[in-house]
**Q** 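Following this message is one structure expressed as structure tokens.
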Amino acid sequence: MTLPTHSRVALVSGAARGLGKAIAVELLQAGWRVSVGSRSQPNLGEWGDALHWSPYDARDPSSEAAWVNSAVERFGRIDGLVHNAGILSSTSVMAATEAEVDEIFNVNVKSPRRITQYAWPYLKQSDQARVVVVASLAGKRVRTAEASLYALSKAAALSLAHGIRHCGDTEGIRATAICPGFIATDMAQQVPADIQAKITRPEDVATVVRTVLSLPFTASIAEIPINWQVESEY
Ligand SMILES: NC(=O)c1ccc[n+]([C@@H]2O[C@H](COP(=O)([O-])OP(=O)(O)OC[C@H]3O[C@@H](n4cnc5c(N)ncnc54)[C@H](OP(=O)(O)O)[C@@H]3O)[C@@H](O)[C@H]2O)c1
């Protein structure tokens, strides 16, 4: 028997602003209970007991287990995990320092992998467990030198989603990589003004994430590319 949505619990990282905030609000509106892991307390409106917050900084691994544990203490279960928190870089793979490589891999790849490990026992207990990794179209093609370090980290995030998908297959856990192009958030501030109005809205991506989280085990979706424009492949 599958649980009604109002009993389901999703963890969303980096949901104090941008795409993560849109995903958290979309899930709350759909009746999910949501635990936000973010560096600052989110201001998502009045959701009463349905909303939980735990301080989470991807550069502080102790905050990851603390978030998972406090979410389970509050809600008693985890059905969905949304790895949304991420950072951009405009440094090329040749110009990058070791510290810059470490920083972007810590936030975009290593922390979501560890959080998934911590949440795994609880996801295994869910009758409809889902992990969503917000990767990027940048993880599927490298368009410029300046985008190449970010692309390297997002290609790894994409592989993380695929790896989780394989690990989850025998555990009743599905995983999906969401691969957007430009989304109208702070991260896309460098997009020229005439294009800003045309790029994907965070609410568009949030709708897709909510849909993926709501699907039963019978629907495995490896990747969803989302673009604001038509490219040859995406
Ligand atoms: N916007 C785009 O064009 C675009 C396109 C493709 C993919 N994406 C991906 O979408 C995701 C969301 O990005 P966004 O567009 O919403 O960008 P954003 O507005 O810059 O938000 C980034 C989020 O990540 C969080 N974050 C950054 N460093 C963190 C850390 N060390 N620990 C915990 N949280 C941290 C931020 O938290 P604070 O508020 O504390 O800084 C913020 O909530 C990212 O993974 C990004 O790579 C974005």
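Indexing begins at 1, ligand by ligand and atom by atom, following the structure's order.
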**Q** Name the option, out of Ser63, Ala85, Ala15, Gly20, that contains the heavy atom nearest to atom 25 (C) of ligand 1.
**A** Ala85

**Q** Would you mind checking which non-hydrogen protein atom is closest to atom 9 (C) of ligand 1, with the distance to 0.1 Å?
**A** Val134 CG1, 3.8 Å

**Q** Which of the numbered atoms in ligand 1 are under 4.0 angstrom from any heavy atom belonging to Phe182?
**A** 3 (O)

**Q** Contact between ligand 1 and Gly181 is defined here as a heavy atom of the residue under 4.0 Å from a ligand atom; is it met?
**A** yes

**Q** Counting non-hydrogen protein atoms only, what is the nearest one to atom 32 (N) of ligand 1? Give residue, atom name and distance.
**A** Ala58 N, 2.9 Å

**Q** Please state which part of Trp228 comes within less than 4.0 Å of ligand 1, counting heavy atoms only: side chain, backbone, both or neither.
**A** neither

**Q** Hey, which atoms in ligand 1 end up nearer than 4.0 Å to a heavy atom of Gly86?
**A** 22 (C), 24 (O), 27 (C), 44 (C), 45 (O)

**Q** Out of Pro202, Pro42, Pro180, indicate the one that has the non-hydrogen atom closest to atom 6 (C) of ligand 1.
**A** Pro180

**Q** Answer whether the closest heavy-atom distance between the side chains of Ser214 and Trp32 falls below 4.5 Å.
**A** yes

**Q** Any nitrogen or oxygen of Gly18 lying under 3.5 Å from a nitrogen or oxygen in ligand 1? Just yes or no.
**A** no

**Q** So, is the end of the Arg174 side chain (NZ or CZ) under 6.0 Å from the ring centre of Phe217 and within 45° of the ring's axis?
**A** yes

**Q** N/O to N/O below 3.5 Å, does that happen between Gly14 and ligand 1?
**A** yes

**Q** Quick one: look up the protein heavy atom nearest atom 11 (C) of ligand 1 and list residue, atom name and how far away it is.
**A** Asn84 O, 3.0 Å

**Q** For ligand 1, which atoms have a heavy atom of Ile87 less than 4.0 angstrom away?
**A** 27 (C), 28 (N)

**Q** Can you figure out which of Val12, Asp57, Val36, Thr185 has its heavy atom closest to atom 14 (P) of ligand 1?
**A** Thr185

**Q** Is Glu203 paired with Lys21 through a side-chain N to carboxylate O contact shorter than 4.0 Å?
**A** no

**Q** So, applying side chain to side chain contact (heavy atoms under 4.5 Å, CB included) with Trp120, which one of Ile173, Leu81, Ile78 is it?
**A** Ile173

